[in-house]
2 protein chains.
Amino acid sequence: MKETVDPRYAIAPQIFRALRQAIVTMELLPGQALSEKEIAAAFGVSRQPVREAFIKLGEARLVRILPQRGTFVVRISLSDVANARFVREAVEVAVARAACSIASNDAQARLADLVTAQAAAASAGDHRGFLALDEEFHRTLAEAVDCPTAWPIVEDVKAQMDRVRYLSLPEASPMSRLIEQHGAILAAIARRDPDAAAAAMRTHLSEILIALPRLARANPDLFDDSDLPAHATLGMARQ
Amino acid sequence: MKETVDPRYAIAPQIFRALRQAIVTMELLPGQALSEKEIAAAFGVSRQPVREAFIKLGEARLVRILPQRGTFVVRISLSDVANARFVREAVEVAVARAACSIASNDAQARLADLVTAQAAAASAGDHRGFLALDEEFHRTLAEAVDCPTAWPIVEDVKAQMDRVRYLSLPEASPMSRLIEQHGAILAAIARRDPDAAAAAMRTHLSEILIALPRLARANPDLFDDSDLPAHATLGMARQ
DNA sequence: AAAACCATACTACCATACCAGTTATCGGGC
DNA sequence: GCCCGATAACTGGTATGGTAGTATGGTTTT
């Protein structure tokens with residue numbers, strides 16, 4: 001591994017983002033040991049900022065830090081994914097509802113542009129670009145309701161879900177359906193219908209539940225089988 | 001300041017909790033400069049764990065870290081409080097709804113005990129103990145719906161609101177009303193009425209909005225007047 | 001041969017040292 | 001007296017060293 005950081009900015013957050021990306025994209029597999037020393041050497045920095053990145057990864061439950069033993073990428077936990085989905089749905093449904101009241105025309109136009117760009121990425125078969133635009137759609141929506149602090153929280157929990165998404169990338173991912181869902185959310189916001197916006201967002205964020213059981217069965221080595229699937233209600237909570 | 005830590009456990013989180021508590025309880029006032037070196041000396045540890053605590057406090061937006069300049073307790077930001085309230089309401093309303101489906105009788109009994117204990121604390125005039133029990137009530141509720149990761153998130157954003165609560169402590173705080181609200185939430189859960197539980201939770205978490213404008217006007221030096229009150233809808237978002 | 005033990009090589013954590021950038025102070029010139 | 005510049009005293013960020021604890025593998029003992 002030969003990575004690089006920009007010394008003009010704080011190093012620790014850069015290491016954190018790089019490692020999170022590597023974990024989410026399955027470049028670093030569950031069980032993999034992460035050595036402070038090795039990572040530091042790979043990035044050409046000292047161990048200290050790497051350690052700070054480890055701590056944040058541990059809080060996001062992407063790695064497990066065992067004092068005096070090591071730091072390891074954790075297996076995908078069905079209950080962690082369900083918990084993340086629960087929190088994300090709670091926050092983003094509330095955001096979608098709020099957007100019906102206060103989203104400006106300008107913000108709606110930006111969101112529409114993002115959906116258009118997603119369609120372009122989809123027809124170009126650019127999965128990575130599509131996922132980046134998806135992320136930007138949700139972030140923009142959070143900003144549109146003047147709730148900037150909601151996004152970092154969603155971003156944190158989202159990592160648990162994204163790992164599953166990247167796992168399902170190789171097979172045909174129904175990008176067109178996700179685009180339709182974004183469109184439905186926008187349409188509901190445009191006609192200021194909070195119930196419809198909430199329902200559309202809920203449907204969108206439940207998409208992951210479809211492939212999850214099959215993925216878990218197909219990749220038992222990547223999943224933590226010690227945790228029973230979280231109580232079904234968590235995945236299906238209806239408000 | 002002469003604080004103490006237990007060297008048998010990781011030091012950084014202890015420092016973090018101690019400082020957060022000090023900030024939330026207004027022991028450390030907005031504008032106060034926090035020196036890594038001074039705090040380290042006060043706790044009898046090195047600067048390193050103090051630095052890690054600062055980073056977490058910065059993420060919680062309780063302090064502002066200015067590189068090469070200093071770390072300062074931030075003033076209470078009305079928009080930060082509104083944002084925190086928005087996220088907390090979103091998550092806890094979802095928790096309350098889920099509780100209607102899956103909260104065990106055992107969990108409900110524990111929650112009822114906590115409300116009873118709160119009543120005792122209230123009649124004893126023990127504000128601090130009351131607040132601790134309030135926190136435990138909400139944490140127990142999150143555990144009751146098998147969503148343990150929801151609580152740390154709520155705990156994080158809650159700090160912004162708690163600072164306002166402690167500010168309003170000197171004046172008569174309507175503990176009886178808060179107890180009634182907890183009771184209403186529990187009653188709705190007991191009769192498995194998610195809409196009622198959600199409404200009761202929403203009412204409970206909107207309580208802060210009543211005193212907030214007056215507190216901001218009465219303590220202009222503690223509040224950040226640069227940020228306009230967040231869009232009114234954020235405080236009143238109805239799902 | 002099997003089991004217990006110990007040396008070794010890791011680990012994360014904390015402490016310390018060093019660095020770069022900011023601020024405040026103080027002295028000198030106008 | 002006021003302004004401006006050099007400098008000293010901070011700050012947080014990074015690098016490095018030291019310590020205690022944990023796996024591991026080879027050796028010794030039973």
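Just so it is clear, the values below take in all heavy atoms, side chains as well, and ignore hydrogens, waters and symmetry mates. Numbers restart at 1 for each chain; the letters A, B, ... are given by sequence-line order, proteins then strands. Note that this is a predicted model, so its numbers are computed, not measured.
Among residues at least two apart or in separate chains, salt bridge (Lys or Arg N to Asp or Glu O under 4.0 Å) pairs with a member in residues 56-65 of chain B are A/K56-B/E59, A/E59-B/K56, B/R61-B/D80.
Evaluation of the side-chain hydrogen bond (donor to acceptor under 3.5 Å, both in side chains) rule for A/R88 yields A/E92 as partners, not counting sequence neighbours. The side chain to side chain contact (heavy atoms under 4.5 Å, CB included) test applied to B/E207 returns B/P174, B/R177, B/L178, B/Q181, B/I210, not counting sequence neighbours. Applying the ring pair (Phe, Tyr, Trp, His ring centres under 6.0 Å) rule to B/F137 yields the partners B/H182; only residues at least two apart in sequence or on another chain are considered. Contacts of A/S35 classified as side chain to side chain contact (heavy atoms under 4.5 Å, CB included), with partners at least two apart in sequence or in another chain: A/K37, A/E38. Not counting sequence neighbours, A/Q68 has no partner by the side-chain hydrogen bond (donor to acceptor under 3.5 Å, both in side chains) test. By the side chain to side chain contact (heavy atoms under 4.5 Å, CB included) test, A/A211 pairs with A/R214, A/L215, sequence neighbours left out. For A/I208, the side chain to side chain contact (heavy atoms under 4.5 Å, CB included) partners two or more places apart in sequence, or in a different chain, are A/V81, A/R85, A/M161, A/V164.
Taking atom CZ of residue B/R47 and atom P of nucleotide D/dT14, one finds them 12 Å apart after rounding to whole Å.
Ion pairing between a basic and an acidic side chain is recognised when a charged N comes within 4.0 Å of a carboxylate O; A/E52 and B/R51 show such pairing. With salt bridges taken as basic N to acidic carboxylate O contacts below 4.0 Å, one links A/R139 and A/E143.
Nucleic acid contact class of B/A10 (heavy atoms, under 4.0 Å, all strands): sugar-phosphate only.
When all heavy atoms of B/R75 and B/F223 are compared, the closest pair comes out as NE-O, 3.0 Å.
Within the helix from C/dA1-D/dT30 to C/dC30-D/dG1, the inter-axis angle between the opening and closing five-pair segments is 20°, rounded to 10°.
Inter-residue side-chain proximity for B/L167 and B/I76 is flagged as met; some heavy-atom pair is nearer than 4.5 Å.
Near DNA chain D, meaning a heavy atom under 4.0 Å away, the residues from residues 48-66 of chain A are A/Q48, A/P49.
On the nucleic acid side, DNA chain C contacts chain A at distances under 4.0 Å to non-hydrogen atoms, with the end points of that region at C/dT11 to C/dA15.
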Interface polar pairs with nucleotides 20-24 of chain D, N/O, under 3.5 angstrom:
| unit_1 | atom_1 | unit_2 | atom_2 | d |
| --- | --- | --- | --- | --- |
| D/dG21 | N2 | A/Q68 | O | 3.4 |
| D/dA23 | OP1 | A/R69 | NH1 | 3.0 |

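Here the straight-line distance linking atom OG1 of B/T140 with atom CH2 of B/W151 works out to 8.5 Å at 0.5 Å rounding.
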